[in-house]
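All remarks here apply to the structure that follows.
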Protein chains: 2
Amino acid sequence: MSVQEEKTLPMGLFMDLERSGPIPLYFQVSQRIETAILSGELPAGSRLENEVALGQRLGLSRPTVRRAIQEIVDKGLLVRRRGIGTQVVHGQVTRKVELTSLYDDLTNTHKVPSTHLLALENRVADAKTAERLGVVEGSPTLYIRRVRLADDVPVAVMENWLPEDFIGIAPNDLVIHGLYQVLRSRGVTMRVARQHIGARKSTNEEAVLLEVEKNSALLTMDRTAYDNSGRAVEFGQHCYRPDLYSFEVTLVEK
Amino acid sequence: MSVQEEKTLPMGLFMDLERSGPIPLYFQVSQRIETAILSGELPAGSRLENEVALGQRLGLSRPTVRRAIQEIVDKGLLVRRRGIGTQVVHGQVTRKVELTSLYDDLTNTHKVPSTHLLALENRVADAKTAERLGVVEGSPTLYIRRVRLADDVPVAVMENWLPEDFIGIAPNDLVIHGLYQVLRSRGVTMRVARQHIGARKSTNEEAVLLEVEKNSALLTMDRTAYDNSGRAVEFGQHCYRPDLYSFEVTLVEK
DNA sequence: TTTGGCCAATTGTTAAGACAATATCAGGTC
DNA sequence: GACCTGATATTGTCTTAACAATTGGCCAAA
């Protein structure tokens, strides 16, 4: 049994909270704790100050402090144990999967994204598309097919279907901004997405588009995204070059 | 703009809460709401009773009701909007990815799991293994290699490394019970796991083991799992037959 | 008709307090 | 020394209360 590092760090830099601003207090606190972990100021295995004391020092109630800590527990960076305290999880921390598009992902990793628009047309929904989008079969939908590149190297071939009220999206918007940015600019806020991740061999056409050998292994992802009223706003079938892209998931047991 | 179904269901079956039992009240409530959604009693798009009224009817405080609802929002089944209310998300509901092993997954889908144990031996940690497990390079570790089958069809080849205090696991346990069950029976409770999901071609040996053609596409998953003290307890490299297994992820925007 | 403003409904945030459950640890007893 | 017991520390659950922010609809005014 190895000895745990048990020092309780004082976290001295916890003073100036914006009490009248629009950012919730619990969020301000959770951001600072997270930063302290990422920066190594709170090393792996170290114990966090207990909730009551932390609240007293910050001039906050226990529920507020508790919520701040819970946010980070949900991200997989902290672990709480009743009777013991709250500790920083060991192991290098990694970026979490979020509800973003490939475009956002690439921007975040400082690559230059670009797009080849292969198709942008109206199509009537077949059975599968209709089911995924929650519309009746035969409804008009917008069909998009794109190749996404990062630093001019092809990364993914993406097919998307959107409900009819998005018909009219300009091709140029998709080339410049990425689908999720276009949707956001039209007032849509994505809230929930369900993804299936799998693998298969490439078709010959995909091999050409992605500049890989025929019959290469591709990473595939099917996704349906819903807005804040629960309506399906996008259904997509994507395939990625596995040497350039992979998915990262953090699971936290409740 | 399509008309939303707006009827607020009364949810009449909400009476008998176990107030003295060990199950938290918020959990009892969230379970019932979830059941009501899954069973179709709360159809897609329908509005939930508001938090205050629901609390009054159940004899619960608003924070308790709120927490119950939040649990289901986090699962992606409900969407809340300030000033509006809480609605059931459209679209068919699907099972969520949880912190379980392949063994558990297969058991849940009513397939008969079995195992071929290829290796169970002590190995010194190389650089990568040491980093993932958070031990010093050269430390003794337990190495396990298995083929997992469902209804006698091979589904995955799995390599795992465990810290030295697990050396001594009996081969028979792994064949009968699955790694996560063995760890749980030794008092380990997994709390956090970080996974990378990708794809690649199979090696010739893997193709034989999985009974697929040479150079098939495989779905791969690397995982490091941490227990409730934040210590790494398992590091694994798995590859799956994509025609028999895929990952399902639900993302919820905060 | 359209625009603007006010009002009601609903979720979001914060507080203060109480009790329960669980883990560690020190001490005492056998 | 081994085992039980109680004290202490810490997170988990629940209540009551208040105010803030956002949305949608109604109504009056331009």
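Throughout, a chain's letter reflects where its sequence line sits, starting with A, and its residues are numbered from 1. Since the model is a prediction, treat every value here as computed from it, not as a measurement.
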Nearest-angstrom distance from the residue atom CG of B:Asn228 to C1' of C:dT22: 12 Å
Using atom CG of B:Leu58 as one end and atom C1' of D:dC14 as the other, report the distance to the nearest whole Å. 14 Å
Would B:Arg223 and B:Gln237 count as having a side-chain donor-acceptor pair, cut-off 3.5 Å? no
For B:Asp173, which residues count as a salt bridge (charged side-chain N to carboxylate O under 4.0 Å, His left out) partner, sequence neighbours excluded? none
Round to a whole Å and report the spacing from CG of A:Leu54 to C1' of D:dT11. 13 Å
Please identify each residue that fulfils side chain to side chain contact (heavy atoms under 4.5 Å, CB included) with A:Thr189, with sequence neighbours left out. A:Asn228
Protein-nucleic acid N or O pairs under 3.5 Å, nucleotides 11-16 of chain C:
{"residue": "C:dT11", "atom": "OP1", "partner": "B:Thr86", "partner atom": "OG1", "Å": "3.3"}
{"residue": "C:dT11", "atom": "OP2", "partner": "B:Glu51", "partner atom": "N", "Å": "3.0"}
{"residue": "C:dG12", "atom": "OP2", "partner": "B:Arg66", "partner atom": "NH1", "Å": "2.6"}
{"residue": "C:dG12", "atom": "OP2", "partner": "B:Arg66", "partner atom": "NH2", "Å": "2.7"}
{"residue": "C:dG12", "atom": "OP2", "partner": "B:Arg80", "partner atom": "NE", "Å": "3.0"}
{"residue": "C:dG12", "atom": "O4'", "partner": "B:Arg82", "partner atom": "NE", "Å": "3.3"}
{"residue": "C:dG12", "atom": "O4'", "partner": "B:Arg82", "partner atom": "NH2", "Å": "2.9"}
{"residue": "C:dG12", "atom": "N7", "partner": "B:Arg62", "partner atom": "NH2", "Å": "2.7"}
{"residue": "C:dG12", "atom": "O6", "partner": "B:Arg62", "partner atom": "NH1", "Å": "3.0"}
{"residue": "C:dT13", "atom": "OP1", "partner": "A:Tyr26", "partner atom": "OH", "Å": "3.0"}
{"residue": "C:dT13", "atom": "OP2", "partner": "A:Arg67", "partner atom": "NH1", "Å": "3.1"}
{"residue": "C:dT13", "atom": "OP2", "partner": "A:Arg67", "partner atom": "NH2", "Å": "3.2"}
{"residue": "C:dT14", "atom": "OP1", "partner": "A:Leu25", "partner atom": "N", "Å": "2.2"}
{"residue": "C:dT14", "atom": "OP2", "partner": "A:Tyr26", "partner atom": "N", "Å": "3.3"}
{"residue": "C:dA15", "atom": "OP1", "partner": "A:Arg19", "partner atom": "NH2", "Å": "3.1"}
{"residue": "C:dA15", "atom": "OP2", "partner": "A:Ser61", "partner atom": "N", "Å": "3.2"}
{"residue": "C:dA15", "atom": "OP2", "partner": "A:Ser61", "partner atom": "OG", "Å": "3.0"}
{"residue": "C:dA15", "atom": "OP2", "partner": "A:Thr64", "partner atom": "OG1", "Å": "2.5"}

Please tell me if the side chains of B:Ile176 and B:Gln181 come closer than 4.5 Å, counting only heavy atoms from C-beta onward. no
Taking CD from B:Glu71 and P from D:dC14, how many angstroms apart are they, rounded to a whole number? 11 Å
Per side chain to side chain contact (heavy atoms under 4.5 Å, CB included), A:Glu234 is matched among A:Leu142, A:Leu179, A:Thr224, A:Asp227 by A:Leu179
Send over the distance from B:Leu17 CG to D:dT13 C1', rounded to a whole Å. 14 Å
Can you tell me if A:Gln70 and A:Tyr26 form a side-chain donor-acceptor pair at under 3.5 Å? no
Return the value, rounded to whole Å, for the distance between atom CZ of B:Arg47 and atom P of D:dT23. 15 Å
